[in-house]
Amino acid sequence: MMRSVLRKIFFVAGAAVVAGALVRPFIVEPDFVEELPAPVPETPPKPVVIEKPLHNVALPDFATILDVKQKKAAFFNFIRPAVESNNAKILANRLALEDMLATVSLGEPLMPGQEQQLATLVGKYRVSAKISQMQQLHQLLVKVDEIPTPLVLVQAANESAWGTSRFARIGLNFFGIWCYKPGCGMVPRSRNSGAKHEVEAFQSVDTAVYRYLHNINTNNAYSVFRSIRQQLREQEQPLVPEVLAMGLLPYSERGSDYVLEISDMLRHNSQYLKSSTAP
């Protein structure tokens with residue numbers, strides 16, 4: 001009898017367990033519901049701003065030239081014509097000034113065309129119009145002179161990261177030249193709060209090179225550069241780029257380190273600076 005009762009108890013209990021196993025998965029018990037964390041809204045990616053060039057020049061894509069020698073040759077060949085053209089114009093004006101100085105030194109008057117050209121250069125190169133013609137001519141001959149092409153090319157490469165910088169691509173500014181009129185160029189992304197300068201934008205490579213040469217030849221910051229050049233002229237010595245580079249200390253906040261870097265670039269790139277032909 002007892003065994004019969006026990007069998008019934010075990011049978012009922014087992015049936016209950018099986019029934020529970022079949023039924024339980026379909027029963028939702030509030031006490032055991034897992035609360036999922038609230039979804040975190042995704043931060044939309046920042047839109048990629050593509051700046052359009054501020055010029056119509058077909059600028060080579062120097063960044064895509066992977067061969068170092070080809071990139072250097074391509075960059076120098078692209079900039080060189082504008083440098084040589086602007087230097088030639090400067091030397092033509094210098095020759096005219098030397099003729100004027102010879103005339104004035106003899107006590108003879110200048111021709112009307114010479115007087116007009118002198119007045120134009122006096123204004124252009126920031127020489128006082130109140131001093132004598134002799135003084136004007138001497139001061140102009142310090143300023144109206146070429147800058148060796150290799151030095152210009154190396155500075156352009158340094159300042160523009162071989163033509164790949166934003167300022168070179170968008171504004172043809174290969175020399176890091178600043179301007180201060182709103183809208184005159186490109187606002188540097190790292191510009192300090194309160195600063196108002198922009199990096200000037202140019203419409204042609206010729207204009208960019210002209211502005212660089214004129215800046216070196218007129219800005220008070222580069223008086224040492226011009227003094228070194230004048231001494232070389234007086235001693236009838238060639239305008240050695242490495243020597244003139246010593247006058248570029250104010251060009252960068254890096255000072256002497258910048259000058260040493262320019263000198264190193266002149267030395268390491270000498271094979272590309274001699275001519276415009278590709279290696």
Side-chain angles (χ1 to χ4, degrees), residues 76 79-156 174-175 177 202 204-251 259 262-263 266 270 273-276:
F76 288 145
I79 302 292
R80 184 188 301 273
V83 179
E84 293 178 342
S85 174
N86 277 278
N87 267 330
K89 293 175 184 177
I90 292 173
L91 288 176
N93 282 328
R94 181 177 179 82
L95 183 60
L97 289 170
E98 290 174 341
D99 288 342
M100 293 181 207
L101 180 60
T103 299
V104 174
S105 297
L106 294 174
E108 297 180 3
L110 296 176
M111 299 291 289
Q114 290 178 312
E115 288 186 341
Q116 180 60 46
Q117 185 177 14
L118 177 59
T120 299
L121 293 174
V122 161
K124 181 178 178 180
Y125 283 88
R126 305 173 189 174
V127 171
S128 174
K130 298 180 180 180
I131 59 179
S132 68
Q133 286 185 339
M134 181 73 76
Q135 291 173 312
Q136 289 176 348
L137 289 165
H138 279 296
Q139 290 189 18
L140 281 171
L141 284 170
V142 175
K143 295 183 172 184
V144 184
D145 203 349
E146 69 174 323
I147 300 175
T149 296
L151 182 56
V152 182
L153 293 177
V154 161
Q155 270 205 281
F174 299 93
F175 303 96
I177 300 171
F202 300 104
S204 69
V205 179
D206 187 78
T207 304
V209 171
Y210 167 83
R211 281 280 290 111
Y212 161 82
L213 296 174
H214 194 66
N215 184 42
I216 298 296
N217 281 335
T218 59
N219 195 314
N220 289 334
Y222 307 111
S223 59
V224 172
F225 178 95
R226 297 191 292 271
S227 178
I228 295 172
R229 185 175 60 188
Q230 179 188 18
Q231 291 177 30
L232 292 173
R233 288 296 195 192
E234 290 174 350
Q235 297 169 10
E236 298 184 350
Q237 297 295 318
L239 301 183
V240 181
E242 290 83 357
V243 176
L244 288 170
M246 299 301 295
L248 294 176
L249 280 170
Y251 204 94
V259 171
I262 294 298
S263 298
L266 284 165
S270 58
L273 297 170
K274 293 177 182 179
S275 67
S276 59

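Model, not experiment: these values are computed from the prediction. Only heavy atoms go into these numbers, but all of them, side chains included; no hydrogens, no water, no symmetry mates.
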For this session: Determine, stepwise, if the pair Asn217 / Arg229 fulfils side-chain hydrogen bond (donor to acceptor under 3.5 Å, both in side chains).
Result: CA-CA 11 Å; Asn217 281 335; Arg229 185 175 60 188; 2.8 Å; yes

Residue set satisfying salt bridge (Lys or Arg N to Asp or Glu O under 4.0 Å) with Glu242, at least two apart, ordered chain then number -> none

Problem - Any side-chain heavy-atom pair of Leu249 and Val224 under 4.5 Å - result: no

**Item:** Aromatic plane relationship, Phe175 with Tyr212 - under 30° parallel, 30 to 60° tilted, over 60° perpendicular
**Value:** parallel

Residues pairing under side chain to side chain donor-acceptor pair (under 3.5 Å) where one sits in residues 92-112, two or more places apart or in two chains, turn out to be Asn93-Gln117

Between Ser227 and Ser223, is there a donor-acceptor pair closer than 3.5 Å when you use the side chain of the first and the backbone of the second? no

**Message:** Looking at Pro81, is its backbone amide N or carbonyl O close enough to the side chain of Ser85 to form a donor-acceptor pair, meaning the two atoms are under 3.5 Å apart?
**Reply:** no

side-chain contact (heavy atoms from CB on, under 4.5 Å) with Leu118: of Val127, Leu140, Val104, only one passes, and it is Leu140

In this structure, NE2 of His138 is separated from CD of Gln230 (nearest 0.5 Å) by 10.0 Å

CG of Leu110 to CD of Glu115, rounded to nearest 0.5 Å, is 5.5 Å

- Task: Evaluate the criterion side-chain contact (heavy atoms from CB on, under 4.5 Å) for residue pair Leu151 and Leu239; output intermediate values, then yes/no.
- Result: CA-CA 10 Å; Leu151 182 56; Leu239 301 183; over 6 Å; no

Counting only heavy atoms not in Met134 (residues, nucleotides, ligands), do more than 12 fall under 6.0 Å from its CE? yes

Applied to residues 206-218, the salt bridge (Lys or Arg N to Asp or Glu O under 4.0 Å) test, sequence neighbours excluded, yields Glu200-Arg211

Here the gap from Gln135 atom CD to Ser128 atom OG, rounded to the nearest 0.5 Å, amounts to 8.5 Å

For Ile79 and Val205, the nearest pair of non-hydrogen atoms, with its separation, is CD1-CG1, 4.1 Å

Heavy atoms of Pro241 and Pro150 approach each other most closely as CG-CB, 4.3 Å

query = Quick check: does any side chain N or O of Arg226 sit under 3.5 Å from a backbone N or O of Asn219, one acting as donor and the other as acceptor?
reply = yes

